[in-house]
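What follows is a short report on a single structure.
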Protein chains: 2
Amino acid sequence: MEFNKADAPPRETTDRPRRTRDPDQTRRDLIDAAIAEFSEKGFSGGRVDDIAARTRTTKRMIYYYFGSKERLYAAVLEELYGGMRNAEQALPLARLPPLLALQRLVETTFDHHAAHPEFVRLVSVENIHEARNVAASPEIIKRNAAVIGTLRDLVARGENEGAFRPGLDALDLHMLISSFCFYRVSNRHTLAAIFGRDPLAPESVAAHRRMIVEAVLRYVAPG
Amino acid sequence: MEFNKADAPPRETTDRPRRTRDPDQTRRDLIDAAIAEFSEKGFSGGRVDDIAARTRTTKRMIYYYFGSKERLYAAVLEELYGGMRNAEQALPLARLPPLLALQRLVETTFDHHAAHPEFVRLVSVENIHEARNVAASPEIIKRNAAVIGTLRDLVARGENEGAFRPGLDALDLHMLISSFCFYRVSNRHTLAAIFGRDPLAPESVAAHRRMIVEAVLRYVAPG
DNA sequence: TAGTGTACGTACCATGGAGTTCAATAAGGC
DNA sequence: GCCTTATTGAACTCCATGGTACGTACACTA
């Protein structure tokens, strides 16, 4: 009666037969669960017990693999920042005419933020904590700072070819692009509450995408 | 020995003689302390004991005046959102030519965000919590939604006078303006960590202010 | 100048939640 | 088969923290 293994699995979160002894999978599951938890509730609001409960394993594993709540959070950040850089570096900007390259960059930035609200939320959380974990991760810094190099090249090329007006600052331009893409996701809930229109609703997405492209292209145009 | 009142005050947090029985001041002090605490640490990260420790009064008073940590947080939000609307409604936009009015609006928005990082941080915190407290406050919603009305009028006037191109959406335009002003403050720390340049440093402020004005004016220009 | 309600302080409670203990079980080498 | 080591689980510990019980002091009124 107690150990009825035959006709029903004794206890299973999902119906997938749980793979015993799969450290990689266990680690992966914990990271995914932590991404969800921390991006929904923040660092202090996120609960270690709840993260464990989102997986098929137990809290013990968090401490086995990561050592502390803080270090799990740091691992989550590295993971998410990693995804961002990949998207941007996959673009063949150097082979496109400057205006088109810039348009592609804006669209990619827009799409990535739209597709990864957890990333946006975690960056918000990290800023509340004064970016202590980002500052402590040379890996995150190096990869992300590289994005600016690419944009700097593009700006220089655009100026030389006369497609862009002179005097543009690559970092400021990066901020102009990111700010809108980030804001409509990060501030989605206050915007929806105050103005009664969800900025992530399908009818807004296309309009916003066109808008930020248009705004940036007009901003860099000569004259 | 025990009640030595004469030659030394028995216990004093600051050297200012504590005003007994000043409910308004006590309440005010608690709100100010809570603004600082919550904007530095978030809602879950903020400690009721620490808020009390920032004042000359005690934790008991938080519960006396506000009832709970949650309601204190809600009071803080109302307070900060209140400051924002005042700044915007003080502008005499209707009397200025459209382009100039828009420029003033952008500059005011920029300046207010720059001057009130606690506001920006609290709005970020609120978005992590899915804007539950903003959504529950008709007062906040009403006042802020009004801002859009003003902008809608301006957009209509600009279109009629031919100063703006047709087809502009007031809410989207508001988002374009706010996003940059908000982002450079909200994401100050990750930006500084990754790019090694503090967006709130004096040499960036003027450049950013010019940039968002320029970007918005170019965006609304006809043609 | 006693009475009363509002404002305040001290000491305490209850519990949620981060982190640990300790033993058990699987996998693989010999 | 047996030993070793990398994983795993249930049941703890313990303390920080939100919240409260209870008593006191001030200031105003009659």
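Note on naming: letters A, B, ... go to the chains in the order of the sequence lines (proteins, then strands), and numbering restarts at 1 for each one. All of these numbers come straight from a predicted model, not from anything done at the bench.
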Rounded to whole Å, please give me the gap between NZ in A/Lys69 and C1' in D/dA16. 13 Å
Straight-line distance of B/Thr109 OG1 to B/Arg104 CZ, nearest 0.5 Å: 13.0 Å
Between the side chains of A/Arg197 and B/Asp172, is the shortest nitrogen-to-carboxylate-oxygen separation below 4.0 Å, so that they form an ion pair? yes
Kindly point out which of C/dA18, C/dA7, D/dG18 is positioned nearest to the side chain of B/Tyr64? C/dA7
Could you check which of D/dT8, C/dG9, D/dG9 has an atom nearest any side-chain atom of B/Thr58? C/dG9
Rounded to whole angstrom units, what separation is found between the CG atom of B/Leu72 and the P atom of D/dG19? 10 Å
How many whole angstroms separate atom CG of B/Asp49 from atom P of C/dC12? 16 Å
Rounding to an integer number of Å, can you tell me how far A/Met61 CE sits from D/dT7 C1'? 6 Å
From the candidates C/dA7, D/dG9, D/dG18, the one with an atom nearest any side-chain atom of B/Tyr65 is C/dA7
Rounded to whole Å, please give me the gap between CZ in A/Phe66 and P in C/dT20. 16 Å
Write down the distance between CD (A/Glu70) and C1' (C/dG19), rounded to a whole number of angstrom. 14 Å
Applying ring pair (Phe, Tyr, Trp, His ring centres under 6.0 Å) to B/Phe180 and B/His208, what does each step give before you reach the verdict? CA-CA 9 Å; B/Phe180 184 77; B/His208 285 170; 5.4 Å; yes
Taking salt bridge (charged side-chain N to carboxylate O under 4.0 Å, His left out) as the definition, give me every residue that meets it alongside A/Glu40, ordered by chain and number, with sequence neighbours left out. A/Arg54
Would you please indicate yes or no on a ring centroid separation below 6.0 angstrom for A/Phe119 and A/Tyr81? yes
Check this one for me: any side-chain N or O of B/Ser68 less than 4.0 Å away from OP1 or OP2 of D/dG19? no
Measure CZ/A/Arg56 against P/D/dT8 and give the value in whole Å, please. 10 Å
Out of D/dT7, C/dC8, D/dG18, which has the shortest distance to the side chain of B/Tyr63? D/dG18
Let me spell it out: for each of A/Gly46 and A/Arg60, pick the nucleotide of DNA chain C with the closest heavy atom. Which residue's pick is nearer the 5' end? A/Gly46
Side chain of A/Arg47 only, heavy atoms from C-beta on: which candidate in D/dG18, C/dC8, C/dA18 is closest? C/dA18
How close or far is atom P of D/dT20 from atom NZ of B/Lys59, stated in whole angstroms? 10 Å
